[in-house]
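Report on the structure given below.
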2 protein chains.
Amino acid sequence: MTSVLVCDDSPLAREALRRAVATVPGVERVTTATNGEEVLRRWATDRSDLILMDVRMPGLGGVETVRRLLSADPGARIIMLTVAEDLDGVALAVAAGARGYLHKDASRAELRATVAQALADPTWRLAPRRLRAAEMGAAPTLTAREIQVLEGMSHGRSNAEIGRELFLSEDTVKTHARRLFKKLGASDRAHAVALGFRWGLVR
Amino acid sequence: MTSVLVCDDSPLAREALRRAVATVPGVERVTTATNGEEVLRRWATDRSDLILMDVRMPGLGGVETVRRLLSADPGARIIMLTVAEDLDGVALAVAAGARGYLHKDASRAELRATVAQALADPTWRLAPRRLRAAEMGAAPTLTAREIQVLEGMSHGRSNAEIGRELFLSEDTVKTHARRLFKKLGASDRAHAVALGFRWGLVR
DNA sequence: GGATCCGTAACTCTTTCGAGTGACCCTCGT
DNA sequence: ACGAGGGTCACTCGAAAGAGTTACGGATCC
């Protein structure tokens, strides 16, 4: 019984995807979900062979759902759906273990081909993307200090302010900053904060 | 039947809070939840007189939960729990309609006093905090352009890069940046990105 | 028919960031 | 015993960012 789970918060997109996937040869059942929590709940009782999941969803986001799904079941096959603007999220999801991704404006044919491919070959996965950060499928590990600095940034503090707060010199804060940028693959502090949120490292 | 719902993801904190609240005169029932989703689910069938909720929780965060709760039921009374570092989140939650907040290291007496106060007077609310952004209980309204700029920032792009991408001059991007900083109450782009995430304006 | 907000753009000026580098000490694992 | 990684600090330097200000056309709201 080959089944596919489609998850997207937009009803229109969800229905369109459901219909497209249903036409892939071999697919016998397509179920749907609207958010990450639902995917996780459903997965507990009803494991599909493949999951198509949007990167940006309300509540539990795609990246975090991938992480939880794979920690519960490392064999889960997941393909991310995305729009052009989500490149970071896609990269993170793939790094976290998603098998690949599809542009939402990919043609129906591409979609079907990718799904068919993923179903036919259980080991199929995108050529590992050259990610600046973690290739390892887990969130980059930041040290306690680095997280403190990242949190300071997320509260709008300057390096000097963070230093004063943590009783460090500004130069030291900068060193931590550079290191955490590198770990996260961030190009500047705003990016680092964004990645911190996407990875769930800060709130 | 006076009942209070306590929500915190830490089992220790949850239990401690539960016990403290249970000793407040008049409180007959204390229920618990571990995250925002659970609060929302529970609220649908079982409305407590007061909710104590942590600002930072896995999955659906405190601020967003407050928003959803109040849009479902504007009469819900919510007090946020927080640690010192969450001041932004608290401010946002109060702006979103939470009645007040409590430091997690507040004394048991303070906690009980605040809960008793909130239960005794249904209109009780903290003196409206002087928020730099929205006082209105809704997310600051950013224009489409401002959101595009904010998203660019969250992807680590410089103002010049954002300008190229949107066919704008760098100066124009800076103007949008300054305006959105002001609306969000952000002190720099990293802070703006963080607030964007906390408000759910970007992902 | 002003007032207000938005989108666009340019100008100056100061502060901050971030890259690059080097260095010292400590701890932990091998 | 050595290296790797972490935490600390310092120095330079160029590139951004952000504040402040001005401006003009269009939309929208009283």
Side-chain angles (χ1 to χ4, degrees), chain A residues 88 131-136 138-197 199 201-202, chain B residues 88 131-136 138-197 199 201-202:
Chain A
D88 287 330
L131 297 176
R132 292 145 307 184
E135 315 254 0
M136 303 315 300
T141 307
L142 298 194
T143 66
R145 268 291 192 239
E146 287 162 351
I147 288 193
Q148 287 177 315
V149 170
L150 183 57
E151 278 176 344
M153 290 179 181
S154 84
H155 290 296
R157 306 203 224 292
S158 69
N159 290 333
E161 283 170 332
I162 295 171
R164 256 170 268 139
E165 199 170 31
L166 300 178
F167 304 104
L168 299 176
S169 80
E170 183 180 347
D171 281 315
T172 300
V173 175
K174 283 187 172 189
T175 301
H176 291 306
R178 255 180 303 109
R179 288 181 182 163
L180 76 90
F181 289 171
K182 181 155 197 172
K183 285 184 181 177
L184 291 173
S187 51
D188 59 36
R189 52 181 47 216
H191 197 196
V193 166
L195 294 168
F197 272 91
W199 278 115
L201 299 170
V202 293
Chain B
D88 287 332
L131 298 177
R132 292 145 308 187
E135 315 255 359
M136 305 314 301
T141 308
L142 299 194
T143 66
R145 267 294 191 239
E146 286 162 351
I147 288 191
Q148 286 177 316
V149 170
L150 183 57
E151 278 176 345
M153 290 177 182
S154 83
H155 290 297
R157 304 200 225 295
S158 69
N159 290 333
E161 284 171 329
I162 295 171
R164 257 170 265 138
E165 199 169 31
L166 300 178
F167 304 105
L168 298 175
S169 79
E170 183 180 347
D171 283 317
T172 300
V173 174
K174 283 189 173 187
T175 300
H176 290 306
R178 255 178 306 108
R179 287 182 182 165
L180 78 89
F181 289 171
K182 181 151 196 178
K183 284 184 181 176
L184 291 173
S187 52
D188 58 37
R189 52 179 50 218
H191 197 196
V193 166
L195 293 169
F197 272 91
W199 277 115
L201 298 170
V202 294

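Small disclaimer: the values here were computed from a predicted structure and weren't measured. Note: hydrogens, waters and symmetry copies are ignored here, and every other heavy atom, side chains too, is used. Just so we're on the same page: letters track the sequence lines, and every chain starts at 1.
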Take the C1' atoms of the five end pairs on each side of the helix from C/dG7-D/dC24 to C/dT30-D/dA1, get both axes, and report the angle to 10 degrees.
60°
Contact pattern, 5' to 3', of nucleotides 7-24 of chain D - B, S or - by protein heavy atom under 4.0 Å
BBBBB----SBBBBB---
Look up atom CZ in A/Arg178 and atom OG1 in A/Thr175, then write down how far apart they are to the nearest 0.5 Å.
5.0 Å
Going from CG on A/Leu180 to CE on A/Met153, what distance comes out if it is rounded to the nearest 0.5 angstrom?
5.0 Å
What pair of heavy atoms forms the shortest contact from B/Ser158 to B/Arg189, and how long is it?
CA-NH1, 4.4 Å
Pairwise distance OG1(A/Thr143) to CZ(A/Arg179) - rounded to 0.5 angstrom:
8.5 Å
Separation of C/dC5 atom P from B/Leu142 atom CG, nearest Å, is 15 Å
For A/Lys183 and D/dA4, what is the distance between atoms NZ and P respectively, to the nearest whole Å?
16 Å
Looking at B/Ser187 and B/His191, what are the two nearest heavy atoms and their distance?
N-ND1, 3.2 Å
Measure the distance from CG on B/Leu180 to P on C/dC5 and round it to the nearest whole Å.
16 Å
Phosphate OP1/OP2 of D/dG5 contacted by A/Lys182 side-chain N/O (<4.0 Å):
no
Can you tell me how far the CG atom of A/Leu150 sits from the NE2 atom of A/His176, to the nearest 0.5 Å?
13.0 Å
What distance do B/Leu195 atom CG and B/Lys183 atom NZ have between them, rounded to the nearest 0.5 Å?
14.5 Å
Atom CD1 of B/Ile162 to atom C1' of C/dA9: distance rounded to whole Å?
17 Å
First locate atom OG1 of B/Thr172, then atom NZ of B/Lys174, and finally report the distance between them rounded to the nearest 0.5 Å.
11.5 Å
